Amino acid sequence: MSSAPVDAAGMPRTAWHPASWRDRPAAQQPQWPDQASLDQVRKTLAGLPPLVFAGEARQLQAQLAEAAAGRAFVLQAGDCAESFDDMSADNIRDKLKVILQMAVVLAFSAGVPTVKIGRIAGQFAKPRSSSTEVVDDVELPSFRGHMVNDASFSEDSRAADAERLVRAYHQSASTLNLLRAFTKGGYADLRQVHVWNQEFIAASPEGRRYERVADGIDSALRFMAACGVSTDAPELHQVDFYTSHEALVLDYEEALTREDSITGQWYDCSAHMLWIGERTRQLDGAHVEFMRGIKNPLGCKLGPTASPAEVLELCEVLNPDRIPGRLTLISRMGAEKVSDVLPPLLAAVRDAGHPVLWECDPMHGNTYTTAGGRKTRHFEDVMAEIDHYFTAHAKAGTWPGGIHVEITGDDVTECVGGAEAISDDDLELRYETMCDPRLNGPQSLELAFRLAERLSD
Ligand code: PEP
Ligand code: CO
């Protein structure tokens with residue numbers, strides 16, 4: 001391990017600036033067909049207001065530091081990929097409802113403060129394992145998220161269009177605006193806990209279990225009032241809700257990176273937290289270079305091939321000053337592998353004294369394709385990965401700080417299993433995701449209840 005300012009490739013790590021990533025290989029970038037249009041779009045984006053403020057990112061980092069120290073738990077959840085097509089107030093509200101429900105279950109049942117972060121208001125770009133897709137002998141560029149192209153299979157819709165970056169910005173702005181209104185304007189008030197239980201969820205066993213939690217919260221609030229304790233505290237009536245997405249398309253992220261007038265430091269103002277994906281975490285790559293210089297709290301996905309040496313290098317490069325809350329390592333190993341591959345990483349990071357926050361993404365290592373050709377995940381594999389993740393932390397004496405999950409507020413059938421026993425055949429009923437399969441409302445609640453049990457062990 002070296003703290004000298006050179007990286008694994010021997011290149012100097014000096015003079016960071018928002019465009020210094022351009023000197024490095026950038027994986028997973030779209031092939032923009034029209035450079036002049038891209039340049040124009042970059043200029044437009046650079047002139048638009050920031051979506052979040054540096055002070056908010058610092059506030060989130062302080063909360064993540066609490067989680068890193070074992071005093072809070074992080075719930076990071078939302079779509080695999082947001083869509084330009086189903087943007088509506090109902091859609092945003094329903095996603096928020098499920099996240100609030102999960103957070104209430106965790107906080108009430110396990111008694112841990114829960115930091116809430118959405119994969120929302122910017123999650124528009126997808127890394128792909130193959131840059132092209134072949135259907136009936138026709139080969140076209142892969143779908144890379146609505147920030148880049150469209151999912152339908154035609155030459156036109158798969159062409160990368162830089163104008164989409166501006167549209168992603170505006171959709172993020174209106175999504176964020178509504179989230180702020182909901183979370184600060186009364187909708188997230190704890191007196192509304194029953195309202196968050198949508199009908200199709202309330203009818204499920206998990207929904208009924210949630211109703212009992214909600215009744216418990218009502219009683220607790222009444223009890224406090226009866227004891228003369230004030231229930232005016234803003235914490236009971238508003239929530240802090242943060243946004244995050246994978247910082248994948250670097251032309252977009254660079255254009256939204258601004259110098260904070262208070263501290264003089266650089267923040268990527270496209271979201272509060274940004275993460276590096278499994279396919280773009282190369283130590284000598286453009287994404288690591290870009291992310292090391294912005295001061296937002298960062299995440300980095302770690303798949304089953306990550307070695308302890310590589311992870312320690314990532315910690316050194318991304319968090320050289322060892323600031324608690326700055327770096328979240330998101331383990332996504334798969335239920336079968338996590339018990340073998342995670343413990344050496346936990347031990348290495350612990351022994352090196354890096355104050356990282358650990359999260360478990362139990363989704364991306366457990367994806368498979370059914371005989372009918374649907375990409376899915378089994379609820380029990382998701383739970384098994386979480387279970388093994390907790391066991392590994394218990395053995396290492398480290399805190400299993402949070403989870404990172406793909407969920408939706410819609411009544412979909414995309415992941416199999418769960419209390420409703422969704423089968424392979426059921427996937428044909430309401431399979432709506434543009435990218436990876438998401439847990440539906442009852443499955444998300446069931447996960448939260450089981451997690452709460454594990455956290456109270
Ligand atoms: C994702 O989180 O949507 C994703 C693509 O994950 P990963 O980088 O871990 O594969
Ligand atoms: Co995904």
Side-chain angles (χ1 to χ4, degrees), residues 26-30 74-83 95 99 117-131 142-148 151 168 243-250 253 271 273-283 285-288 290-291 298-306 310-311 314 318 327-335 337-338 341-342 345 358-369 374-378 381-382 385-386 389 402-408 412 414-415 431-440 443-444 447:
Q28 298 281 343
Q29 299 309 285
V74 179
L75 172 62
Q76 190 169 13
D79 266 321
C80 178
E82 289 173 272
S83 166
K95 241 179 279 185
I99 296 175
I117 309 174
R119 282 175 64 112
I120 199 165
Q123 178 55 20
F124 291 108
K126 297 312 298 172
R128 303 315 301 250
S129 11
S130 168
S131 58
S142 293
F143 171 55
R144 289 188 176 274
H146 273 170
M147 183 185 273
V148 177
T243 60
S244 69
H245 62 260
E246 178 173 350
L248 185 70
V249 177
L250 293 176
E253 304 303 337
M273 178 189 188
L274 284 311
W275 78 84
I276 306 177
E278 167 67 1
R279 293 165 190 78
T280 49
R281 61 173 169 79
Q282 301 81 10
L283 278 159
H287 292 81
V288 168
F290 174 73
M291 299 284 268
L298 306 179
C300 183
K301 295 283 197 90
L302 298 176
T305 61
E310 213 177 357
V311 172
L314 282 166
L318 296 172
L327 181 60
T328 300
L329 295 177
I330 309 166
S331 144
R332 35 87 84 218
M333 305 299 184
K337 296 187 180 149
V338 58
V341 290
L342 184 59
L345 305 185
W358 284 98
E359 267 184 23
C360 172
D361 163 359
M363 314 296 292
H364 288 89
N366 294 309
T367 317
Y368 67 93
T369 304
R374 288 289 191 195
K375 215 160 116 178
T376 191
R377 291 154 175 164
H378 200 293
D381 293 339
V382 168
E385 177 155 358
I386 294 177
Y389 165 86
I403 53 157
H404 182 120
V405 282
E406 290 182 342
I407 63 151
T408 171
V412 301
E414 298 171 4
C415 291
Y431 193 95
E432 294 167 12
T433 184
M434 277 201 316
C435 200
D436 289 341
R438 303 158 297 177
L439 299 174
N440 64 21
Q443 287 170 329
S444 304
L447 182 144

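Positions are given from 1 along the sequence. The structure presented is a predicted model; accordingly, all values stated were derived computationally and were not measured. Just follow the structure's listing: the first ligand is 1, and inside any ligand the first atom is 1.
For atom 10 (O) of ligand 1, the choice among Arg332, Met363, His404 with the nearest heavy atom turns out to be Arg332. Compare Pro127, Cys80, Gly365 by their heavy atoms: the one nearest to atom 5 (C) of ligand 1 is in Pro127.
Of all protein heavy atoms, the one closest to atom 8 (O) of ligand 1 is Glu278 N, 2.9 Å. When hydrogens are left out, the protein atom nearest atom 6 (O) of ligand 1 is Lys301 NZ, 2.8 Å; that is the closest non-hydrogen contact. Looking only at heavy atoms of the protein, atom 3 (O) of ligand 1 is closest to Lys126 NZ, 2.7 Å. Nearest protein neighbour of atom 1 (C) of ligand 1, counting heavy atoms only, is His364 NE2, 3.1 Å.
Residues Glu82 and Lys95 are in side-chain contact: their nearest non-hydrogen atoms beyond the backbone lie under 4.5 Å apart. Residues Thr376 and Thr367 have side chains not in contact (no heavy-atom distance under 4.5 Å, counting atoms from C-beta outward). Ser131 has its side chain within reach of Arg144: a pair of non-hydrogen atoms, C-beta onward, lies under 4.5 Å apart.
Checking Thr328, Leu302, Ile330 one by one against Trp358, the side chain to side chain contact (heavy atoms under 4.5 Å, CB included) holds for a single residue, Leu302. Among Glu406, Gln76, Glu246, the single residue meeting the side chain to side chain donor-acceptor pair (under 3.5 Å) criterion with Arg119 is Glu406.
Residue-to-ligand polar distances keep Glu246 apart from ligand 1: every N/O pair is separated by 3.5 Å or more. Of the polar atoms of Arg279, at least one N or O is found under 3.5 Å from an N or O of ligand 1, judged by distance alone.
Considering the Co ion (ligand 2) as centre, the angle to SG of Cys80 and to NE2 of His364 is 170° (10° rounding).
Side chain of His146 to main chain of Ala125: no donor-acceptor pair is present (N/O by atom type, distance under 3.5 Å, no hydrogens or angles).
In summary, the aromatic rings of His245 and Trp275 are positioned with their centroids too far apart to meet the 6.0 Å limit.
Within Asp436, the N, O or S atom lying nearest to the Co ion (ligand 2) carries the name OD2. Note on Glu406: its N/O/S atom closest to the Co ion (ligand 2) is OE2.
For the pair Arg128 and Phe143, the NZ or CZ position fails the cation-pi test of under 6.0 Å to the six-membered ring centre and within 45 degrees of the ring normal.
Glu310 and Arg281 are joined by a salt bridge, as a carboxylate oxygen and a charged side-chain nitrogen come within less than 4.0 angstrom of each other.
Below 4.0 Å from some heavy atom of Gly277 lie the following atoms of ligand 1, by number and element: 8 (O). Within the listing of ligand 1, atoms 1 (C), 2 (O), 3 (O) sit less than 4.0 angstrom from a heavy atom of Arg119.
Within the coordination shell of the Co ion (ligand 2), defined by N, O or S atoms under 2.8 Å, Cys435 is absent.
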